[in-house]
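Below: one structure, written as structure tokens.
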Amino acid sequence: MAGGIYNHTEIEEKWQQVWASLRLFQDTQQLKAQQKEFLLFAFAYPSGSGLHVGHVESKTALDIKARFSRMNGKNVYFPVGWDAFGLPAENYAIKTGIHPVETTKAAINTFRQQIQRLGISYDWANETATNHPDYYRWTQWLFLQLYKKGLAYQGLGMVNWCPSCQTVLANEQVVNGKCERCDSLVEQRDLKQWYFKITEYKDELLTGLDDVDWPEPTRQQQRNWIGKAKGLAIDFSLEETGQKMTVWTKFWETVFGVTFVVIAPEAFNKMNLLEKVSVDRRAEVEKYLETAKHKTEEERRIGEKDKTGVLTGLTVINPVNGSKVPLFIADYVLMGVGTAVVMGVPAHDERDFAFAKKYNLPIKQVVTYTDQALDQAVRNGDQAVEAPGLLVNSGVFDGQEAWGDGKQAMADWMIKEGFADWQTTYKLRDWLISRQRYWGAPIPVVYDPEGQPHPVKEEHLPWVLPVDVDFKPTGESPLKSSKEFIERTERLYGVGWRPEFDTMDTFVDSSWYFLRYCDSRNKEKFADEQKLAHWLPVDLYLIGPEHIVLHLLYSRFFTKFLRDEGYLKVDEPFAKMRHQGMILGPDGKKMSKSKGNVINPDEIVEEFGADTLRVYEMFMGPLETDKPWDPRAVAGVYRFLRRVHGLVLDNKQQLQHHLDLKSSLPLQRKLHQTIRKATFNIPQLKFNTVISTMMELTNLWEEEKKTAGFLSNEDLLSFILLLAPFAPFLTEELYSLCFSGQEKNDEYRGVHVQSWPIFDPVLAQEENVNFAVQVNGKIRAQMQVEAGQAGEKDFVLKKAKELAEVKLWLEGKAIVKEIFVPGKIVSFVVR
RNA sequence: GCCGCGAUGGCGGAAUUGGUAGACGCGCGAGACUUAAAAUCUCGUUCUAGCAAUAGAGUGUGGGUUCGAUUCCCACCCGCGGCACCA
């Protein structure tokens, strides 16, 4: 072959070194006049097992975007960093005794090498890691700012406790009553913990979703998580004391059907109602309250079908009709939803029905249904029905539509009468950030000898994580074992003072990193205001769907808070977001060591090179879908790159022999079509179709070559530039061989700082346009029309009718309708 | 149960968003080169019938709108993800 063989290893190792010594695309944080583009990849946890093929997909996708944007003259910032605190390193330390500082460092080094080997054009000069004191001093600073504004507070309450991880978990980290990380059953414990008051921003966290370019399902999921629901708070009253007993409901039109009222155990305690319970019932009520308190999440879940509760003996008065109904305590009523008091309407609510059956309570129908059998079932108390119907047994509202007009009328009436008002409830809870773990940022709080908390002074930041710590889990925070930590606290704050021994949830670290990226080496501030104003918001955030709820919500909360503090000018941190799918094993299942279907990117790089790995992963399918790995298709991509290598070098040789070589017309046309496709599809992250078009081009090139058809010097350059973002090593090699822009001691002039080629719409146009001719909706013929005449309706229709195949179908029929779509189709409707 | 997503050849996927379904790649079949194999190259490859031209069917299922539907509407089936005693 003309240009020798494609030695990917040699080429890639060579250029990796050249780029590194040139410091290509490093130190790119400076403000420039050009349009900025801030590209962000989800903060990665540097796990001990190294880079995964899934990482390669999203990093490559953003890298292509970064390179494309640079070639189009944008000032691109593409930083990298590590979400380096966290449980795996600590658990490993417990097992092996090796300090997390060591393992984390080693893991980061591995990741860095692997990523550099892939040719990802990250700005390593601004690399950050959350476990560095330079980083976490600002995590702690953020805590202090929240504390000052009362948005970081200490609360006593029931918390989720994982007995295996020996730590508290956020509600979000409990999955099906089990620990997200280790699958142990989660228990409830009463502990004093630090919270961030994210609920302060609940409404804005909701409305802000309207202003961002995110996938709609993601926004919907955030909305669901915040869980805003409008309902009516109706003031029932306690007969014994006259106290208000406000219930909350979305189905207030059934209020005439109330036969009992249920209160959550916690709400019952809060109202101090135990003393009002008669002596003979008190023991039983107390016992119920006590067991409810210690139920685990799992027990509550199992209890779903079997609703437990206890009769208080107290009586509640329904304001709409003065009827007196019993008050129950039951843990199926959740604290924090509405008023934590529920009206029991067993005829029209499944849960109330189950409860009424169990405790033998009356069932009162207040909605009738046209379906006779259904209506009978409700009347007999055999079934609860939650469906639209007509109101009955509801005083003046009888005959009005439940779920319709009657609903509105009833609300208006109750509000006017003064015993009800609108009340909105949210699912979103404050964010519990205390963790009884070692490998995290210490919470910057100290306690005076009386046990009162005080913030650590800002001049004492970073409030350094002590090193003399025993990791062994004891159920208490590992930091308690550090002598240095306590001595430091006493030295700085006085004898008898103690530090907070808990560390922060690692979500705190990883939910503001994009802000630090804007000015990652700043010693005075978390970031300079000017730089923040310049780089924010993030222009494109590529993130896995697993981070949709928590990380995004927290990041948005911090952004809004810091904006209110005057540090930021943006309301939303991530202007545009897209998700990458998962790369599955060749068996179509999620990759896992136990299934033995894990593909190691290092092996692919070794065998086929980083360019092949990159192009293959981009070629697999749409970025956002899950895609199985196909080992054989990798080889197909390798063949493509090898063919490119051969074609370009062959073409170069032709150019040397024929200095004024012009491109063959079909090849030139295809080239311009390819530029057009790439120019439009790369910004949309539709890489798979761009690659297939480039493959079509090389197929044609191969074909043209047989008849001495080649690309001109200029067109050959365009082709190499097109491929450059996808296969940076190979294209750099080809560029240097064909266009040798490399001169020693000179500025870098390689392929990656060239301008993106511009397509010529005239050159991209086909000579002839193909029309399909339909008769009664079926294609009966194909027809070529010169491009210039493809828009002329009469001409094209006439020509179509003259076709022999068409005549056959039109013969003896009357044409009822003629449809003409320029450049596409001609359609006759005949009878 | 609720919310969301998806379904196209043997496989991964294309289809300018109502205009020629199956681009590109993989696999498979046949052939060339070779002592042979690998590699490479050429041709073919949705299904059915036919030597063929061609005809018919076809984008999860059943209906609908339209000259024309993978695309829009209605009802369902299956798979995946999230939430779930939320009143």
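Atom set for the values below is all heavy atoms of this structure, side chains included, hydrogens, waters and symmetry mates excluded. Naming convention: chains lettered A, B, ... in sequence-line order (proteins, then strands); numbering from 1 in each chain. Everything quoted here is computed from the prediction, not taken from an experiment.
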**OP:** Would you mind classifying the nucleic acid contact of Asn688(A) as base, sugar-phosphate or nothing, using non-hydrogen atoms under 4.0 angstrom?
**Re:** sugar-phosphate
Original post:
What do the steps show when you test Phe260(A) against Tyr359(A) for ring-ring contact (aromatic ring centres under 6.0 Å, His included), and what is the final call?
Top reply: CA-CA 10 Å; Phe260(A) 59 97; Tyr359(A) 293 96; 8.8 Å; no
**OP:** Verify whether the ring centers belonging to Phe419(A) and Phe236(A) lie closer than 6.0 Å.
**Re:** no
Original post:
Which nucleotide, in any strand shown, forms a Watson-Crick or G-U wobble pair with C41(B), with both distances under 3.5 Å?
Top reply: G31(B)
Original post:
Between Gln782(A) (CD) and A21(B) (P), how many Å, whole number?
Top reply: 9 Å
**OP:** State whether the number of non-hydrogen atoms from other residues, nucleotides or ligands found under 6.0 Å of Lys244(A) atom NZ is greater than 12.
**Re:** no
**OP:** Look at all strands and tell whether Lys824(A) reaches a base, only sugar-phosphate, or nothing, counting heavy atoms closer than 4.0 Å.
**Re:** base
Original post:
Checking all strands, does Ile819(A) fall into the base, sugar-phosphate, or nothing category for heavy-atom contacts under 4.0 angstrom?
Top reply: base
Original post:
When you check the glycosidic angle of G58(B), does it come out syn, meaning within 90° of 0, or anti?
Top reply: anti
Subject >> Interatomic distance where CZ belongs to Arg639(A) and C1' belongs to C26(B) [whole Å] >> reply: 8 Å
Original post:
What nucleotide among A55(B), A14(B), A15(B) has an atom nearest to a side-chain atom of Pro622(A)?
Top reply: A14(B)
Original post:
Using a cut-off of 4.0 Å on non-hydrogen atoms, how would the nucleic acid contact of Phe251(A) be classed: base, sugar-phosphate, or nothing?
Top reply: sugar-phosphate
Subject >> Identity of whatever pairs with A23(B) - Watson-Crick or G-U, under 3.5 angstrom >> reply: none
**OP:** Grab the two heavy atoms, one from Val796(A) and one from Ala790(A), that are nearest each other, plus how far apart they are.
**Re:** CG2-O, 4.1 Å
Original post:
In whole Å, what separates the P atom of G25(B) from that of U46(B)?
Top reply: 15 Å
**OP:** Rounded to the nearest angstrom, tell me the gap between atom CD in Glu818(A) and atom P in G68(B).
**Re:** 16 Å
Subject >> Under-4.0 Å salt bridge between Lys627(A) and Glu57(A) >> reply: yes
Original post:
Whole-Å distance between A39(B) P and Phe640(A) CZ?
Top reply: 21 Å
Subject >> Proximity of Tyr616(A) and Trp629(A) rings by center, below 6.0 Å >> reply: yes
**OP:** Both distances under 3.5 Å, Watson-Crick or G-U wobble: report the partner of U71(B), or none.
**Re:** none
Original post:
Which is true for Arg643(A) with a 4.0 Å heavy-atom rule: it touches a base, it touches only sugar-phosphate, or it touches nothing?
Top reply: sugar-phosphate
Original post:
If the P atom of U70(B) is compared with that of G9(B), how far apart are they to the nearest Å?
Top reply: 14 Å
**OP:** Look at the side chain of Ala772(A) and decide which nucleotide, out of A57(B), U20(B), C85(B), has an atom nearest to it.
**Re:** U20(B)
**OP:** Give Glu696(A) one of three labels, base, sugar-phosphate or nothing, depending on what nucleic acid heavy atoms sit under 4.0 Å from its own.
**Re:** sugar-phosphate
Subject >> Mutual orientation of the aromatic rings belonging to Trp403(A) and Phe251(A) [parallel < 30°, tilted 30-60°, perpendicular > 60°] >> reply: tilted
Original post:
Using purine N1 to pyrimidine N3 plus N6-O4 or O6-N4 for Watson-Crick, or N1-O2 and O6-N3 for G-U wobble, each under 3.5 Å, what pairs with C47(B)?
Top reply: G56(B)
Original post:
Under 6.0 Å between ring centres, would you say that holds for Tyr638(A) and His8(A)?
Top reply: yes
Original post:
Nearest-Å distance, CZ (Arg429(A)) to C1' (C86(B))?
Top reply: 9 Å
Original post:
When the C1' atoms of U20(B) and A14(B) are considered, how many whole Å apart are they?
Top reply: 14 Å
Original post:
How far does the C1' atom of G68(B) sit from the matching atom of U59(B), given to the nearest Å?
Top reply: 16 Å
**OP:** Determine the interatomic distance between P on C11(B) and the same-named atom on U17(B); round to the nearest Å.
**Re:** 29 Å
Original post:
Base of U54(B) relative to its sugar, syn (within 90° of 0) or anti?
Top reply: anti
Subject >> Spacing of Gln423(A) atom CD relative to A87(B) atom P, expressed in whole Å >> reply: 14 Å
Original post:
Tell me: CD of Glu617(A) to P of G13(B), nearest whole Å?
Top reply: 14 Å
**OP:** Pick base, sugar-phosphate or nothing for Thr249(A), based on heavy-atom distances below 4.0 Å to the nucleic acid.
**Re:** sugar-phosphate
**OP:** Taking atom C1' in both G44(B) and G6(B), compute the distance separating them and give it to the nearest angstrom.
**Re:** 33 Å
**OP:** Select from Arg351(A) and Arg632(A) the residue whose nearest nucleotide in RNA chain B is closer to the 5' end of that strand.
**Re:** Arg632(A)
Original post:
Starting at CZ of Arg780(A) and ending at P of G19(B), how long is that distance when rounded to a whole Å?
Top reply: 21 Å
Original post:
Using a cut-off of 4.0 Å on non-hydrogen atoms, how would the nucleic acid contact of Pro545(A) be classed: base, sugar-phosphate, or nothing?
Top reply: nothing
Original post:
Across the strands shown, which category fits Gly338(A) at heavy-atom distances under 4.0 angstrom: base, sugar-phosphate, nothing?
Top reply: nothing
**OP:** Look at the side-chain N and O atoms of Lys427(A) and state whether any lies under 4.0 Å from the OP1 or OP2 oxygen of C85(B).
**Re:** no
Subject >> Toward the 5' end of RNA chain B, by each residue's nearest nucleotide, Ile825(A) or Asp630(A) >> reply: Ile825(A)
